[in-house]
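A short worksheet on the structure shown next.
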Number of protein chains: 2
Amino acid sequence: MTMKIKEVADIAGISVRTLHHYDQIGLLCPTSTTEAGYRLYTDEDLEALQQILFFKELGFPLKKIKEIIESPSFNRREALELHQKMLLEKRRRLDQMIATVAKTIQHMKGDIHMSNKEKFAGFDFSQNPFEQEARERWGNEAVDSSNVKLASLSKDEKDGFAEEMNALYARLAALRHTSPHSDEAQAAIKEWYVLLNRMGNYSLDAFKGLGQLYISDERFTKNIDQFGEGLAQFMCEAMGIYTNNHQK
Amino acid sequence: MTMKIKEVADIAGISVRTLHHYDQIGLLCPTSTTEAGYRLYTDEDLEALQQILFFKELGFPLKKIKEIIESPSFNRREALELHQKMLLEKRRRLDQMIATVAKTIQHMKGDIHMSNKEKFAGFDFSQNPFEQEARERWGNEAVDSSNVKLASLSKDEKDGFAEEMNALYARLAALRHTSPHSDEAQAAIKEWYVLLNRMGNYSLDAFKGLGQLYISDERFTKNIDQFGEGLAQFMCEAMGIYTNNHQK
DNA sequence: GTTGACTCTGCCGTTACGTCATACTTTATA
DNA sequence: TATAAAGTATGACGTAACGGCAGAGTCAAC
């Protein structure tokens with residue numbers, strides 16, 4: 001019926017110290033104690049704890065949680081709405097930071113290690129601010145092996161690839177006002193996939209993700225659209241279609 | 001040439017106390033002091049302060065800033081990249097909170113909880129009355145491949161998407177009284193487009209059409225407006241604007 | 001010489017616990 | 001049953017980045 005502190009802590013996945021703390025600030029005081037002073041928690045206490053942990057997960061400070069728990073008349077909805085506003089504001093600031101950091105990194109990276117042709121082709125993940133995301137989504141190995149393979153190429157080889165890519169860009173650009181579903185478009189995009197896989201390791205998912213980078217990272221967009229406005233968008237769609245058709 | 005503390009504080013837009021603190025922890029010690037012990041800052045000190053404030057804006061802790069400032073050999077880029085990773089992780093957690101808060105608010109409002117089925121209704125064409133229309137407008141392949149992709153998602157994956165969608169809904173809801181043309185709104189709607197494209201594949205036309213569904217099919221409207229009245233309308237507009245801006 | 005603005009050095013408070021340190025109680029083992 | 005091991009209690013310090021206050025000294029102007 002009653003549980004000792006460690007038992008509760010283990011069930012809730014928190015530390016004993018945390019329960020001590022909650023007792024100390026009066027947030028969750030155990031219903032009873034033994035003569036020796038051991039805290040004894042009931043099932044009700046456990047329920048209250050769940051409530052507390054729920055609000056904690058939402059990022060509420062313990063003081064507010066105490067208010068909410070203690071007075072049932074407290075307007076919870078209003079509190080939640082206010083809280084949400086704060087969270088959104090926080091996110092905005094975070095976004096700002098992330099953008100600035102990305103810009104700074106980009107600035108520091110500069111144009112050091114890529115030739116113009118390579119940059120133009122725009123496939124080196126180490127050059128783009130979404131590298132982290134790419135790594136998270138598709139795994140480090142895929143990204144690394146792509147970059148590694150790239151680094152091991154001779155300059156001539158690199159330029160050769162860049163040329164092939166540019167040619168393919170031009171062909172795709174010519175199709176960009178037609179349907180990305182068409183056999184012709186899909187054939188061209190297949191060549192694109194094959195070409196990329198001669199340089200790195202692209203799973204179908206990674207391929208599709210790369211396509212989305214073409215529209216979500218404006219540097220890609222800008223580079224690609226030099227071959228024709230809307231090409232990035234078109235390629236993204238075609239790559240998505242290709243992936244869906246071949247996956248399964 | 002040299003400035004007293006308040007002068008510096010006013011220029012930098014920080015408090016005197018903060019400068020005291022920076023001196024205390026050795027982050028920014030003024031070059032000289034008067035006999036009476038007054039701190040005297042030089043222009044160089046001011047420059048250093050700018051650096052400090054820059055990194056502070058990025059969310060770096062003062063300790064790290066001290067390391068970075070003190071040792072010029074310190075690998076700043078690595079530090080920035082690591083920092084960015086942390087920020088991204090932080091943002092993910094924040095998004096989770098936002099999504100959960102939004103869900104809780106809806107729950108308290110007494111709104112019927114949107115089931116996963118409903119959430120994905122707009123993306124699963126076989127579930128909605130516009131499938132026929134969708135097929136005509138965007139072709140069989142698009143509709144089929146989208147449906148297949150959706151069906152192949154595991155429950156966890158669906159839940160993951162649902163969370164992301166909730167957070168994004170909440171963010172968009174916060175903007176719904178501003179202009180759908182704004183950079184922020186368009187950035188958010190772009191995220192919406194990218195998110196949708198991770199689930200299925202949407203041409204820009206399909207995206208725009210989906211937006212119109214949000215207001216023409218009241219089931220969508222009702223569901224979406226749970227995040228805030230007028231959200232469906234706002235999203236529809238923003239999606240239309242996005243499409244027009246990117247099509248060409 | 002006095003007033004007011006400015007500056008100095010502490011020191012306490014903030015958040016949500018983590019991490020000892022020391023001492024006591026209960027449980028398990030030999 | 002004696003003892004070791006595990007669990008528990010209280011108390012206190014540390015954390016990050018200052019805000020705010022107190023008491024005291026300094027500087028410039030009127």
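Bear in mind that the values here come from a model prediction, so they are computed numbers and not experimental data. Letters go in sequence order (proteins before strands), and every chain restarts at 1.
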Check nucleotides 21-23 of chain C for protein N or O atoms closer than 3.5 Å to its own N or O atoms and list the pairs.
none

With the threshold set at 4.0 Å, does a side-chain nitrogen-carboxylate oxygen contact exist between [X] and [Y]?
X        : Y        : answer
A:Asp95  : A:Arg91  : yes
B:Glu7   : B:Lys4   : no
A:Arg77  : A:Glu81  : yes
B:Arg198 : B:Glu164 : yes
B:Lys103 : B:Glu163 : yes

Nearest whole Å is fine: how far is [N] [atom2] from [X] [atom1]?
X       : N      : atom1 : atom2 : answer
B:Leu19 : C:dT9  : CG    : C1'   : 16 Å
B:Arg39 : D:dC27 : CZ    : P     : 15 Å
A:Ile5  : C:dT26 : CD1   : C1'   : 15 Å
B:Ile52 : D:dA17 : CD1   : C1'   : 13 Å
A:Tyr38 : D:dG7  : OH    : P     : 11 Å
A:Leu40 : C:dT26 : CG    : C1'   : 13 Å
A:Glu7  : C:dT26 : CD    : P     : 16 Å

**Report entry** Parallel, tilted or perpendicular: ring planes of B:Tyr193 versus B:Tyr242, cut at 30 and 60 degrees
**Finding:**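 The arrangement is tilted - the two ring planes meet at 30° to 60°.
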
Tell me whether the rings of B:Tyr169 and B:Trp192 are parallel (<30°), tilted (30 to 60°) or perpendicular (>60°).
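The rings of B:Tyr169 and B:Trp192 sit tilted, inter-plane angle from 30° to 60°.
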
Here's a test of your reading of the structure: between B:Phe60 and B:Lys4, which maps to the more 5' nucleotide of DNA chain D?
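That would be B:Phe60.
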
Can A:Glu47 and A:Gln51 be said to form a side chain to side chain donor-acceptor pair (under 3.5 Å), step by step? CA-CA 7 Å; A:Glu47 255 179 70; A:Gln51 281 271 320; over 6 Å; no

**Request:** Could you tell me whether B:Lys64 atom NZ has more than 12 heavy atoms of other residues or ligands within 6.0 Å of it?
**Result:**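 Counting neighbours around NZ of B:Lys64, 12 or fewer heavy atoms of other residues, nucleotides or ligands fall under 6.0 Å, so no.
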
Taking only the side-chain heavy atoms of A:His20 (C-beta and beyond), determine which of D:dT10, D:dA16, D:dT8 contains the nearest atom.
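Closest of the options to the side chain of A:His20: D:dT10.
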
Are the side chain of A:Thr18 and the backbone N or O of A:Ile14 linked by a donor-acceptor pair below 3.5 Å?
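No; judged by distance alone, with no hydrogens or angles, the pair does not exist.
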
List, with names and distances, any nitrogen or oxygen atoms from the protein found under 3.5 Å away from nitrogen or oxygen atoms belonging to nucleotides 18-20 of chain D.
residue : atom : partner : partner atom : Å
D:dC18  : OP1  : B:Lys56 : NZ           : 3.3
D:dC18  : OP2  : B:Tyr22 : OH           : 2.8
D:dG19  : OP2  : B:Ser15 : OG           : 2.6
D:dG19  : OP2  : B:Thr18 : OG1          : 3.4
D:dG19  : N7   : B:Arg17 : NE           : 3.3
D:dG19  : O6   : B:Arg17 : NH2          : 3.2
D:dG20  : O6   : B:Arg17 : NE           : 2.9

_Interface residues of residues 23-36 of chain A with DNA chain D (non-hydrogen, below 4.0 angstrom)_ =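 Those residues whose heavy atoms fall under 4.0 Å from DNA chain D, taken from residues 23-36 of chain A, amount to none.
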
Note, A:Tyr41 side chain near A:Thr31 side chain (heavy atom, < 4.5 Å)
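Sidechains of A:Thr31 and A:Tyr41: no contact.
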
